[in-house]
Amino acid sequence: MHNTNSDASDEHRQVLKKLSGHLRNIIEQSIVLNAPDKVITDINKQLATIETIMQPYVTDKRALEYYNPNVRGDLNDIQPYSAVSGHYNALAAPIKFEQQQDKLIGRVKYGRAYEGPPNCVHGAIIAGVYDQLMAIAGMATGKAGPTAYLNIDYHKPTPLFEALEFQAWISLERDNKIIVKGQCLVQGEVVTSSEALFIVKALLNK
Ligand SMILES: CCCCCCCCCCCCCC(=O)SCCNC(=O)CCNC(=O)[C@H](O)C(C)(C)COP(=O)(O)OP(=O)(O)OC[C@H]1O[C@@H](n2cnc3c(N)ncnc32)[C@H](O)[C@@H]1OP(=O)(O)O
């Protein structure tokens, strides 16, 4: 179930990614759907059919890696099924990670499915991005481990539908501790900032 390698072809990855894209769009559409009962009943029937088609192929082994720290190219593929950043998990918004000098950047726009305060991103979603982004930033040390603490300052509301730039960088690495700092900018303005401590665990370094 938690495999660190996969022999899935590029084509297989593409079709799986496309599936998540459709599901992600359906989730977003469902939040603001205002259709007659008859239309929704028809949609429900078609979705039930899709569930039936998928069921025989649902196994306890994922098609792709659960975790692959040696990924080249797309940094989101370090954890392809991440609930926060996985391109193969429809629950995750289409955030894009990229390394820029000593900072790991996460660019994303959130829609209605991620709303907390009116027209703003839910604080728990923001916390999720920091946790994932900072964990991956910390991996640049060659080590990994769970989050011991994650502190967030919400300075200003984080708007929906606007380009957000999350940044994370290593602040301190000592023995089994990695402290990572982060911030999120909207049009150049810092709206949130954070700090997290990761404790390196042998189990996670396998
Ligand atoms: C198959 C491979 C899998 C790989 C998957 C990776 C994918 C990436 C996924 C990314 C997903 C995103 C990531 C996620 O979502 S990770 C999910 C969220 N995090 C957790 O669930 C972690 C749960 N907690 C624990 O497991 C333990 O409590 C940890 C591991 C954190 C420490 O427990 P442990 O009992 O072992 O260590 P220790 O107690 O000897 O402490 C050691 C040192 O640390 C210091 N300390 C501890 N806590 C704190 C604190 N709060 N503030 C300040 N300091 C703290 C402590 O004082 C000590 O310092 P010192 O005395 O040495 O100086």
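Order of appearance sets the numbers: ligands from 1, and atoms from 1 within every ligand. None of these values were measured; they are calculated from a predicted model.
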Looking at the rings of Phe166 and Tyr130, which for Trp means the six-membered one, are their centres under 6.0 Å apart?
yes
For residues 45-54, dump all side-chain donor-acceptor pairs below 3.5 Å to protein atoms at least two apart in sequence or in another chain.
unit_1	atom_1	unit_2	atom_2	d
Gln46	NE2	Asp42	OD2	3.4
Thr49	OG1	Lys45	O	3.0
Thr52	OG1	Ala48	O	2.9

Atoms in ligand 1 flagged as close to Met139, the criterion being non-hydrogen separation under 4.0 Å:
8 (C)
By number and element, which atoms of ligand 1 are closer than 4.0 Å to a non-hydrogen atom of Asp131?
12 (C), 13 (C), 14 (C), 15 (O)
Using heavy atoms and a threshold below 4.0 Å, how should the contact between Ile199 and ligand 1 be classified: side chain, backbone, both, or neither?
side chain
Record the part of Leu197 in heavy-atom contact with ligand 1 below 4.0 Å; permitted values are side chain, backbone, both and neither.
side chain
Who passes side-chain hydrogen bond (donor to acceptor under 3.5 Å, both in side chains) against Ser6, sequence neighbours left out?
none
Option with minimal heavy-atom separation from atom 26 (O) of ligand 1, where the choices are Pro146, Ala148, Ala196, Ala135
Pro146
Given Gln132, Met134, Lys177, His2, identify the one with the heavy atom nearest to atom 63 (O) of ligand 1.
Lys177
For the residue pair Gln132 / Ser82, report whether a side-chain donor-acceptor contact shorter than 3.5 Å exists.
yes
Does atom OH (Tyr57) have a neighbourhood of more than 12 heavy atoms from anything else shown, all under 6.0 Å?
no
